[in-house]
Amino acid sequence: MLELDLTAELDRQLSVCNACRYCEGFCAMFGAAQLRTAIGSNDVAYLANLCHDCRMCFDACMFTPPHAFAVNIPAAMSAARVETYARYAKPAVLRRLLATPRNAALAAVAAGIVVVALAIALWAGVAALWTPQLGAGAFYRVLPYLAMVVPALAVTVFGAACVVLGVRHYARDIGGGVRFVTAPALWTALGEAVTLVYLKGGGAGCYDEGRGSGRRRFYHGLVFWGVLADFAATCSAAVLQDFVHQLPPYPLLSVPVVLGTGGGIALAIGAAGLTLVKRRSDARPAEPRMIALDNAFLGLLEVVALTGLALLAFRSTAAMGSLLAVHLGAVAGLFVTAPYSKFVHFVYRLVALVKNASERTGGSS
Ligand code: SF4
């Protein structure tokens with residue numbers, strides 16, 4: 001159960017919204033709330049993840065603090081989302097990582113770097129950390145292929161299993177016994193997620209830095225497409241290696257390097273831009289625990305992007321071994337903490353969008 005206080009508080013605030021209904025015109029969350037006569041804890045888990053935190057309802061509302069009604073939907077929804085991530089985290093014992101995201105990220109990256117550096121020292125000798133390696137297979141002379149792939153696969157499978165179990169539990173709760181995941185609803189939700197339509201905030205964008213702007217949507221898009229490009233770069237490198245039998249490092253104009261460089265630059269700019277926008281934004285509709293999650297996750301993405309770009313730029317120099325340890329350590333930190341970080345927001349949000357698409361068509365989609 002989500003905290004009873006938060007459920008009751010959201011029920012109260014949404015009752016006030018009933019008198020106005022202005023935001024219903026541009027926000028799916030308010031439309032979904034109107035379908036409910038009373039808000040229970042599973043409704044809160046659903047509605048909170050339908051909210052994209054554009055904060056335009058805060059800007060538009062006449063009942064925000066210091067008004068006695070004290071309506072602050074974005075802050076309450078953010079608090080409820082943090083509780084959703086903790087409530088459905090698997091295994092439950094690791095949910096406490098969500099309470100200290102910065103420390104968890106720092107510890108995971110530091111441990112990752114130490115483990116990779118030790119593996120390099122054991123495999124190729126300590127000097128490999130500062131000895132240039134050139135030509136095909138240069139990376140694998142520093143660290144063998146299997147030592148990179150097997151731990152990466154193990155962490156990915158573990159993380160994916162944890163997220164899937166949590167989200168399945170979440171979908172069961174918000175579905176209330178009704179099956180809502182259908183192909184048309186999934187298709188509609190994917191379209192809404194890819195276009196970040198709810199970050200348009202009704203047209204003016206998100207309420208940040210004191211006004212509506214498209215900055216958050218733009219930077220979020222860079223992060224999203226940057227991650228996808230980096231993933232595509234990894235897949236294309238695997239194809240070149242395993243099917244064309246070309247070992248890395250690849251030429252600057254090869255598919256993996258072009259995709260990886262473009263993705264890395266987009267990710268670095270997007271993560272830095274989002275961090276800056278959040279820092280400069282009005283703090284009143286923000287929730288401190290969500291801000292902490294945002295900052296830790298964006299910081300991790302920034303480190304992964306910058307170390308990846310540095311590794312590409314200096315791969316023919318004596319710094320290659322050390323940069324490889326730092327980059328792989330940062331990637332390991334990102335993947336290990338993924339199920340207990342802001343990373344999970346896109347999965348919960350997608351499921352909420354699927355339910356919303358299904359609800360809008362009376363369950364027929
Ligand atoms: S912050 Fe934006 S998405 Fe969230 S409830 Fe308000 S208007 Fe809707």
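As the structure lists them, so they are numbered: ligands from 1, and atoms in each ligand from 1. Everything numeric in this text was worked out from a predicted model, so none of it was measured.
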* Salt bridge flag under 4.0 Å for residues E359 and R36 -> yes

* To do: Establish, yes or no, whether a centroid distance under 6.0 Å links the rings of Y340 and F343.
  => no

* To do: Ignoring hydrogens and angles, tell me if any N or O in the side chain of R216 forms a donor-acceptor pair with the backbone of K278 under 3.5 Å.
  => no

* Assign the ring pair Y207 / F58 to parallel, tilted or perpendicular, where the plane angle (0 to 90°) is split at 30° and 60°. => tilted

* **contact_flag F30 ligand 1 heavy-atom lt 4.0 Å** => yes

* Does a donor on one side chain and an acceptor on the other come within less than 3.5 Å for T64 and N72? -> no

* Is it the side chain, the backbone, both or neither of F26 that has a heavy atom closer than 4.0 Å to ligand 1? -> side chain

* **salt_bridge(E192, R360) N-O dist < 4.0 Å** => yes

* Asked: What protein N, O or S atoms come within a distance below 2.8 Å of atom 4 (Fe) of ligand 1, ordered by chain and number?
  -> C51 SG

* Anything under 30° is parallel, anything over 60° is perpendicular, the rest tilted; go ahead and classify Y348 against Y85. => tilted

